[in-house]
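We name chains A, B, ... by the order of the sequence lines, and we start the count at 1 in each one. What's counted below: heavy atoms across the whole structure, side chains too, no hydrogens, waters or symmetry copies.
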Amino acid sequence: MPRGVMSGDGGLPMRDRSFAPSRALIYLIVTLFAAAYLAPLVVVVLNSLRADEEIAQSSMIGWPQHMAWGNYALAWSGFCVAETCSGIRPYMLNSALITIPATIFSTLLGAVAGYAVSLWRFRGDNWIYGIVTLGLFLPQQMRLLPWTIVLRDIGLINTLTGLVLIHTIQGLSFTVLFCRNYYIAIPHELIRAARIDGAGFFRIFWRIILPLSSPILIVTVIWQFTHIWNEFLYGVTFTTGQQQPVTAALIALSAAVADIPHYGVQSAAVIIAALPTLLIYLFGGRYFVRGLTAGAVK
Amino acid sequence: QGAVKPRLTAISQWSAGSDGAAITALGKKFEEKGGIWQHSPVPGFTTEMMNKLRAQIIAGDPPACSQLKGPEIAAWSKIAPTVDLDAVVAAAGYEKVVAPDLAKLHKPAGKWIALPLQIYSTNMLFLSKRGMDKAKADKPPVTWADFNELAEKMKSAGMAYPIANGGTRPDDGQKFEASFAGISPTAYRAALMNLDKKALEGPEIKAAFAQTRKIADWCDPNVGAQPYATNLKRFVDGDMGMLIMGGWAQGVLKNAGFKFDDYVIVPGPSDNRKPVFLLNADAFIFWQRKEADLQAGQMLMAQLVMDPAIQTMYSQITGSIPVRTDVDLSGEGWSDGQRRTAAALKDAVASNQAVLSLAHNMAQENGLTAAMIDVITEYVKNNKIKPEEAVSRLADAVESAR
Amino acid sequence: MVRRLPEFLMIWVPLLLSAAHLISFSIWTIWISFTPSTLIPVAGWVGLRNYTAVLASRNWQIAFDNLLLFGTAFVLFSLITGLLLAILLDQRIRGENVLRTIFLYPLAVSFVVTGTVWSWLLNPGIGIEKLVHDLGWMTFKFDWLVDRDMAIWTIVIAAIWQSSGFAMALFLAGLRSVDTDIIRAAQIDGAGPIRTYWRVVLPTLWPITVTVVVVQLQFAISAFDLVRALTNGGPGIATQLPALVVYDLMFQRSQLGRGAAAAVLMLLILLAVLLPYAAWRYVRGRRAAHA
Amino acid sequence: MAALSIRALSKRYANLEVLKGIDLDIESGEFTVLVGPSGCGKSTLLNIVAGLDRATDGTIEIGGRVVNDVPPKDRDIAMVFQSYALYPSMTVRQNITFGMECRGVAKAEQEKALANVAKLLQIEPLLARKPSQLSGGQRQRVAMGRALVRDPLLFLFDEPLSNLDAKLRVEMRMEIKRLHQRIGATIIYVTHDQIEAMTMATRIAVMHRGVVQQFADPDTVYRYPANLFVARFMGSPPMNTMSARLEADAGGPVVVIGAGRPDEVRLPLQGYEAAASYVGREVVLGIRPECIAEGDRVFSGAAGPPVIVTAPVELVEPTGAETIVLLRLGGEPAQARISPDIRPTPGATTSFALDIRRICLFDPETERLIA
Amino acid sequence: MAALSIRALSKRYANLEVLKGIDLDIESGEFTVLVGPSGCGKSTLLNIVAGLDRATDGTIEIGGRVVNDVPPKDRDIAMVFQSYALYPSMTVRQNITFGMECRGVAKAEQEKALANVAKLLQIEPLLARKPSQLSGGQRQRVAMGRALVRDPLLFLFDEPLSNLDAKLRVEMRMEIKRLHQRIGATIIYVTHDQIEAMTMATRIAVMHRGVVQQFADPDTVYRYPANLFVARFMGSPPMNTMSARLEADAGGPVVVIGAGRPDEVRLPLQGYEAAASYVGREVVLGIRPECIAEGDRVFSGAAGPPVIVTAPVELVEPTGAETIVLLRLGGEPAQARISPDIRPTPGATTSFALDIRRICLFDPETERLIA
Ligand SMILES: Nc1ncnc2c1ncn2[C@@H]1O[C@H](COP(=O)(O)OP(=O)(O)OP(=O)(O)O)[C@@H](O)[C@H]1O
Ligand SMILES: Nc1ncnc2c1ncn2[C@@H]1O[C@H](COP(=O)(O)OP(=O)(O)OP(=O)(O)O)[C@@H](O)[C@H]1O
Ligand SMILES: [Mg+2]
Ligand SMILES: [Mg+2]
């Protein structure tokens, strides 16, 4: 079974006292890096609390003089995209409606397929698996038009269902890869024991494999969720008006070239739109790293 | 009206700012007339809008009408059937009041399939009142020499960057097309609209590149790829003095809370002292639909778009001028700038100095335009490229993109 | 072994759909690259004309050079950054969980947002340079974003910021799975921390390094959203990248055929990276099987 | 009735022949132990019997029915794995009842079977725990329980004790043996451990390179190893083997070690009629370490006094319970197990008693047992 | 001179006391084996001696120098790990010379040392290989080589053979022993394997729960285990222990098992003066399985005839080399090791010979050895 590598102690068993000065240096470097990594987030958060004039008068980087909480209200339900002045709220809902089902489907199907490929060898499995994982590398731009034609032919153009379908199928590349790499480490004897017990393909998956899969499912869920949530190209092309995902609304806000920039509202909208994925990383990040370890390095 | 309630599906790129406001107002009018207004603004860039249009056309589900302009109307009309608007245009007597060059673009095969909505000139010169005061200047420049002199004056008056333009691709294109058309509208027409090989390598185009370099040097290099709107506050405050831009900047200025008397708008510099008009017109193309309600909606939309009252309302929001040349701009709600633009158009048409904007995709199809803008923007951003080199690169780009 | 119908459907339908869409989409693109398609796909045959046009265009040449520079620099630096962070975090330091989250969170943010925010920060007029000027150091200059020679480096910076956490996570996992006895043996042998890492620990991280390099390379090759939001290929066309060129040709310039040709060229570049990797994995797998 | 009967079974992986024509007949109630070095194909054989792998050739009959094409669950077998293969996410109770659940056994019946087995194995207090909360021995017991609830025709054990520590292994070994005696099940048991093989089996199958070398009861395997491989594989320390010469002497055949050397050792043989044809030829002599003891040892049940030889001592290893001595017989190295109190000095020469009744002779060419 | 001397050493992890005041003095040239159940702190002790861990309390002297604050590389030690801990990316040659490289030994000298060690361990042909290309035994040898090039004051071995299979383990065991005899190094050796402990050690330290239970030569540990823990831990099968009563009889003290039962067993003791004060009290009697044999066995070196008892047989386990019998002495279970030919019937009653010279008595309260 893949072991949780990130959990306990580790590292060089350094002797604590003799390294005192170099430990100070380590903390210094780490702190500097952390500051650099946090900087963009901090800037956006600060700007989301500053009025536009304030930003224009100084720079993008600065402490808010008056907390402009209004930016959030405006971003959430105020600013206008075309005739609708509903902020990004409805678009958040759309994103959720696309992201949640697509994440669930691609994860579940990927888990079943990864399980089949890794634990139930069948003829040609390596080829199929190889091709599917190559999908990770196929550029998005190449797929836009073919998808258009496919969606037209199956009558799903301009529907959220179509987007869910696209993300499910494309997501399989990732989920199959990671699930397979994870399941490969599960002892085959478990499957054998279950077969002797009389369990079939699905019962083994459902009762034995799935309960063991939480580390990798967390990884795929996090990965799929953030990627689908952040996706923009398909979202804009294949949905219309009030059905568009939140990334489209963000672009509308930031790419409005014919307008004076509203950095404050824009920042607030960025924060709100990124909140779901940020929270997922905040709470799931530790499992993410653990599962990534189990699923990636093979 | 028939039994069906007119309905209109439309896609456009206008989602925010004064453009958004104007299209929204148009929608209100449409609904007042009993229609159902289904507008999908596509956020992002023109490309995204065209992707969407393409996707819908490929899917066999085009919108009843969509934003499209210039030669693209002709190109796109070949890939899907469009609506013949001749009857409704004739009924409105519209043809007489539209500039002929413009009309031609909207009836590529001889029939009206698209309707222009508003007109801009991309080479209007915005002068900051405070900037002018600072430079102790009171006369707007007429020729490029005047312009250059004024810019120098402003610079010595303490403005580090007298010109407030931005750094986007169309912005760079505008710097160049304004220079070129101002130097010689004839050469401009020959080179950029007709792609005449000799004109493409002529002395005028080289002079235009030289002038473009001057303008670029007066712009804030730090603007990067940001739009001119980033600079508007500095422009109004008099930290920057001039802006070469289309009339739409008025809408943006208004939206940002600035007043009409903060700045002056005059036609862009023209070395023969007669106004040069770089025509940029937004338009709607109408796609064939079988549904009765959509067809009714298309007719209603066409009537609205041609209606002087609607055009007035629309232009007053965005800062453009109406397509109809018979609209009276003397009334309330029109700015001096708009009046001057309208007058410039009239003069330019009269002296055959109204040309189509390259930067805003009016002169050539997108592919060719983009190839030319590549050369121009690289030239603007790289002062090591000499004008003669730029000329030959532009000619090469035209050659390979054709 | 898989005999029953529901199993068959659950396994094969998704796998085959996924494989089929990849294969058919690729073939479709290759086909289009030989047609005179412009606005929409049309049949026809123009031979290699689209390819020669793309290869001759300045845009593609710049994009290709940029890809070499960006790809190398980005992969190298994100590798180094990730490794350095992993090594530092491996020193049993306090607050490791918090730090790990900090280094990872950029992964959660969309490239569009990343590009936009970094374009603010790096813009000399409103970002870091302005801040430093306002603080009184007027001669400070940090205008890479608008400097056509340096602009590509701003993309490198933003890309590293966004994805070095991924490298860090993998490296950290690798470091944590190194047998502590080996490190102890090195201590007894008298190796200091630097020698221990350099000679003993790091060489065991090869497989992870290769994985990281491949993942980052594919990111570099297909980098798109980030560049579009950060520089959009500018200043001028100084930061063009193949993915941008493909998108531009296909959708902006209405030259589908050429866009498809560029896409196929991109695929070839990807294959040039992936095939050696696949071969390496194969050889390694064989060797492991024999050991 | 034969519980299991295997005919001409072979298994090939790509170009590797793992099993080469195995024939085995196992009677109902037998405890068959499969031993052999690592990689000889024990697990492969077990997996084929279980139906987890397909044979390349040959037939397998369980309880008189050819099962080559029968899926594992319908073969009426139960299997215990080396790693136990307990389902990590299920409680002990669920682990044990999972098979019944799959077969659709009624709830009440499941409970009854579970209660029986839990009582038998004394794991009642553990039923609600997860495998991760169990010690090694407890896990082993649960794995047994999972097999036992099934009450199958055939139990298959693949090194079930090898993950336990020495003490626990001894205990569990006894327990399994008692269990076998109590429920009279038919068992095939794979192990690396010879003590396990010797003490548990009713019959031992020694495998090597995909071939069954010998299939007989433990005493026969130990006393009359079919060939040199079996002789050297069974027993620890293993049987001493050395080249020797068979000569004819007045009283009968004599085997001579280091013939012609000053310290040659001559051992008279009794009852080795089968070796008659080898007189005057080279043979391989095998003698178990416990048949070489201190000079004053009286071998239990011996008719006459033992043969006494003096030999140089090379190394002495007292293990507490006995002393292992490395000596030289006619120049050939051999190990002896002598009384724990006796510690010959390395380098010196001491006298040893040899139990010549249990000497084995092998053909040096075919390596087969002569007598 | 004491090569290693440990005083009042203790180690605490958070609230877990792993080592509790260890005192050990190891002479130069000794082969000390550390045994004890898993988790008793053996590795911890070794790591502290090596300087890889810090003691919570106490002092460590190596070669007469207090080394508590000396880093591992300056302690003049070498260590062999259970996992061998070979550097995977270096060749065998580099693995062995890495330490010298770190210490800045001249190239020529490195080569000489390497050549010596490689010859000693017969790994010359392997020098260019990577560890992954070596078999288990070869890896073990390389790990030894890495320690040997150092020629340190003290070798530390942490279960160096436990990853090898049984046969190889026996061979390597002998090799290490010979090596020790040849180079006369001071060695501390951790193992789980009692045979290893008994055969290799000059002294054994038995640890339990962070305390050294007994530190003595192997014979003493086996013959006179300091307490019940040691008695039951050493030996396989372990010493039989059972409660008994010490009584005074005409000829001296008598220990009675199952006093008052019809089948009570009375064993007269000779030379157990220390037990005098326990007469009339309960004791724990310990008797090794090899001291219970078949009825006609003559124990080597015994003065008189052995004590013969008849006892019921419960289970018989023939291992080939001997037969292990589970019997009942005065109702208490005990194991006997009898001749391999003899197979008492389970359930029947047979006579056994007892070697009463080696009986141990323990205090039931303190569990310490009385005599
Ligand atoms: N799926 C497979 N493909 C190729 N070779 C295999 C496969 N499974 C096993 N083998 C080979 O078959 C041989 C026999 O393996 P098997 O597991 O039966 O040995 P074993 O006797 O059980 O060994 P051990 O005692 O180590 O468990 C080995 O050489 C092994 O490498
Ligand atoms: N870093 C640590 N933190 C907390 N407890 C520890 C640590 N290292 C070891 N221990 C505990 O100290 C005790 C002794 O461990 P040690 O490794 O010394 O045992 P051992 O005798 O070597 O066992 P084994 O025979 O299994 O190797 C164990 O209970 C272990 O759980
Ligand atoms: Mg096996
Ligand atoms: Mg240990």
TODO: Report yes if the side chains of E:Pro340 and D:Arg358 come closer than 4.5 Å at any heavy-atom pair, otherwise no.
DONE: yes

- [ ] May I ask you to test the D:Ile324-E:Met174 pair for a side-chain heavy-atom distance under 4.5 Å?
- [x] no

Task: Proximal component of D:Pro238, with respect to chain E [non-hydrogen, under 4.5 Å] - done: side chain

Task: Contacting moiety of D:Arg343, where chain E heavy atoms sit under 4.5 Å - done: side chain

Task: Best-contacting candidate, E:Arg223, E:Arg288, E:Arg173, against chain D by heavy atom pairs under 4.5 angstrom - done: E:Arg173

TODO: With a 4.5 Å cut-off on heavy-atom pairs, point out which of E:His192, E:Arg178, E:Met198 contacts chain D the most.
DONE: E:Met198

Chain D contact via [X] - which portion, at a heavy-atom distance below 4.5 Å:
{"X": "E:Arg297", "result": "neither"}
{"X": "E:Val316", "result": "backbone"}
{"X": "E:Arg232", "result": "backbone"}
{"X": "E:Glu196", "result": "neither"}
{"X": "E:Ile338", "result": "neither"}
{"X": "E:Ser339", "result": "side chain"}

Open item on the list: Does E:Gln181, at its CD atom, have more than 12 non-hydrogen atoms belonging to other residues, nucleotides or ligands within less than 6.0 Å?
Closed with: yes

Task: Neighbour count above 12 (heavy atom, 6.0 Å) for D:Gln133 CD - done: yes

- [ ] Nearest 0.5 Å please: distance from the CD atom of E:Glu322 over to the CD1 atom of D:Ile195.
- [x] 7.0 Å

TODO: Could you grab the distance from atom CE of D:Met200 to atom CD of E:Glu317, nearest 0.5 Å is fine?
DONE: 8.5 Å

TODO: For D:Glu290 and E:Gly320, work out which heavy atoms get closest and say how close.
DONE: OE2-O, 3.8 Å

Task: Residue-level contacts of residues 307-315 of chain D with chain E, using a heavy-atom cutoff under 4.5 Å - done: D:Leu315

